[in-house]
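Each remark here refers to the structure printed beneath this line.
All chains are named by letter (A, B, ...) in the order of the sequence lines, taking the proteins before the strands, and each is independently numbered beginning at 1. Keep in mind it's a predicted model, so treat the numbers as computed, not measured.
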There are 2 protein chains.
Amino acid sequence: DESNCPHFGMHPTSHLEIHEEHAYAYLYNLRRSFVGPVKSTLLAEHILAIDEKISALLIELPAREIGGQLPSWDELEKIKAAAHDKQIKLHLDGARLWETKPFYNREYNEICAGFDSVYVSFYKGIGALPGAMLLGSVAFIEKAKLWQRRAGGTVQTLAPQIASAAMLLDKSLSRMPAYFKRTQQIVHHLSDIKALRFFPELPQVNMVHVYLPFRAEIANKVRAEIEEQYSIKMFGNALTSDKPEECYFELTVGENLLGLTDLKVHLIFSYLIDNGTEYSKQQSEAGR
Amino acid sequence: DESNCPHFGMHPTSHLEIHEEHAYAYLYNLRRSFVGPVKSTLLAEHILAIDEKISALLIELPAREIGGQLPSWDELEKIKAAAHDKQIKLHLDGARLWETKPFYNREYNEICAGFDSVYVSFYKGIGALPGAMLLGSVAFIEKAKLWQRRAGGTVQTLAPQIASAAMLLDKSLSRMPAYFKRTQQIVHHLSDIKALRFFPELPQVNMVHVYLPFRAEIANKVRAEIEEQYSIKMFGNALTSDKPEECYFELTVGENLLGLTDLKVHLIFSYLIDNGTEYSKQQSEAGR
């Protein structure tokens, strides 16, 4: 509003681009530019390279669609400085912000410093009822309220959501270091299964993308078998990767995987690879 | 979308006009015409008198801002026929639809028949967690989902809201006739307090506007006294009426007033009038 510039920037895998039906254009008459490469995080150099005037830039920490990648702490500081120099407002998409603390080993207020506005979610990492919070200056929040009302977001009471977030916040946050450590352990422990590939290779938060050498439909079939046999849902829905004969899924490490022994995790992933490979072979033979 | 006509109609006291910061214009690029008089309900004759092309018309049953007024059943049928003849889609704002059944003495599906889309709320009359439902054809709902997502309305789970509505719906609906009857009784019983005026004079649902012969600030002061003395909050916030020396409040009859004896109701309203009149006199003497 204030900049008189309806142009903003975001990473090509931003939630706004992929999951919100281009609301920014349809509802808010905004234009966007993509900033940063598709497969890795947005860096200060990408901000410095922007040659149009943009009013605001969205940064997602961690970037979910690329396996939870994070810029290093030094790089994050450079990002903040670059945006500040170019008078670009920085908005933090912190849907999974809670998961970044073990990686940065900094307090949340240090991570958020330099952002003009911050969004955090309470249902993912915290496990509360669906709800979120927007933070910014008083003047910014007053304006946001107006637009929230226009979008139909003024709910008569949010007491249940607030209560559930307040109840769970401290406990859930205290678990984050353990989840991150377990993610690193699991990736390390599975490194002998050569058919598995992790992206990023070294997880930066308690999520990582796992690539499999067969089609998504086969992965989902084996997932259902695993669910039946081991009573554990290891992933949500495998998706086709850039290559049609390959797929990937998002692995999020929480209480479930914390309680599972290394042996059992290894057993389940071996089962996934062995049966997936077998079904894939059968399928290609049948197709001949 | 389908009509290629961004122009719709609604009553001048519609929620969209008064309480939603003109979202229809700011977010959806729609234009509106007011249909019907400010102080009474929209009728078929007002639809027939529209001389512009409008694609859709919003009807609120009951119309909250005018004391819960309803068109008669015959009139409602004429409204539906007029809209149909003019090929105007009818949308029902049924935030308080639940309260209309005792007046019409018809089933909800009969009341809603002829509307192309219907909105109902679960937190007001039903007392559930804030939540609502939109009904219409499958094709219409598919489109509505797209716009709901754009507006940020896709919530990860609505299970708590659905559970609370499902738990309370039948019981709450079964209380509506008693609430309506009690509203009529109360208005009848208070008719000897001449300084009170009800709008509409004969309530059509379990809500009615009550007019008081003094300023809103005085009414709110006495309301706080009543709350302290009788432990009952009789109304939310009195508002200035068209005349500055007069105010009104919305009286909604539910469990609270069902359990209160006629005598006590009379006592409380007498207290409200007596003390309000007294404070008003003191105030005007002090101002001389």
Worksheet item: Can you list every pair that meets salt bridge (Lys or Arg N to Asp or Glu O under 4.0 Å) and has a residue in residues 55-68 of chain B, with sequence neighbours left out?
Response: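 Qualifying pairs, neighbours excluded: Arg64(B)-Glu250(B).
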Worksheet item: Restricting to pairs with a member in residues 8-30 of chain A, which pass salt bridge (Lys or Arg N to Asp or Glu O under 4.0 Å), not counting sequence neighbours?
Response: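 Only Glu17(A)-Arg32(A) qualify under salt bridge (Lys or Arg N to Asp or Glu O under 4.0 Å).
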Item to complete: Could you tell me if the ring centre of Tyr248(A) sits under 6.0 Å from that of Phe199(A)?
Response: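 No.
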Item to complete: Give a yes or no answer on whether the side chain of Asp116(A) reaches the backbone of Leu90(A) with a donor-acceptor pair at less than 3.5 Å.
Response: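 Side chain of Asp116(A) to backbone of Leu90(A): a pair is present.
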Worksheet item: In residues 142-153 of chain B, which residues are in contact with chain A at a heavy-atom separation under 4.5 Å?
Response: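 Leu146(B), Trp147(B), Arg149(B), Arg150(B), Ala151(B) fall under the 4.5 Å cut-off.
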Discussion item. Sub-4.5 Å heavy-atom contacts with chain A: which residues of residues 161-180 of chain B show up?
Written reply: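 Listed by number, the contacting residues are Gln161(B).
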Worksheet entry | Nearest heavy-atom neighbours spanning Cys5(A) and Ser55(A) |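 So the minimum-distance heavy-atom pair works out to O-OG, 3.1 Å.
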Discussion item. Ignoring hydrogens, what is the shortest heavy-atom contact between Met234(A) and Leu251(A)? Give both atom names and the distance.
Written reply: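 Minimum heavy-atom contact is O-CD1, 3.7 Å.
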Fill in: Tyr26(B), part contacting chain A, at a heavy-atom distance under 4.5 Å
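Answer is both: backbone and side chain atoms of Tyr26(B) are under 4.5 Å from chain A.
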Practice prompt. Classify the side-chain pair Ser33(B)/His7(B) by whether it contains a donor and acceptor separated by less than 3.5 Å.
Written response: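 Ser33(B) vs His7(B): donor-acceptor pair found between side chains.
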Discussion item. Around atom OH of Tyr108(A), are there more than 12 heavy atoms from other residues, nucleotides or ligands closer than 6.0 Å?
Written reply: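 Result for OH/Tyr108(A): enclosed.
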Fill in: Among Val35(B), Thr41(B), Ile79(B), side chain to side chain contact (heavy atoms under 4.5 Å, CB included) partner for Ile59(B)
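Running side chain to side chain contact (heavy atoms under 4.5 Å, CB included) over Val35(B), Thr41(B), Ile79(B) with Ile59(B) returns exactly one hit, Ile79(B).
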Fill in: Ring geometry between His15(A) and His19(A) (parallel below 30°, tilted from 30 to 60°, perpendicular above 60°)
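Judged by the thresholds at 30° and 60°, the geometry between His19(A) and His15(A) is tilted.
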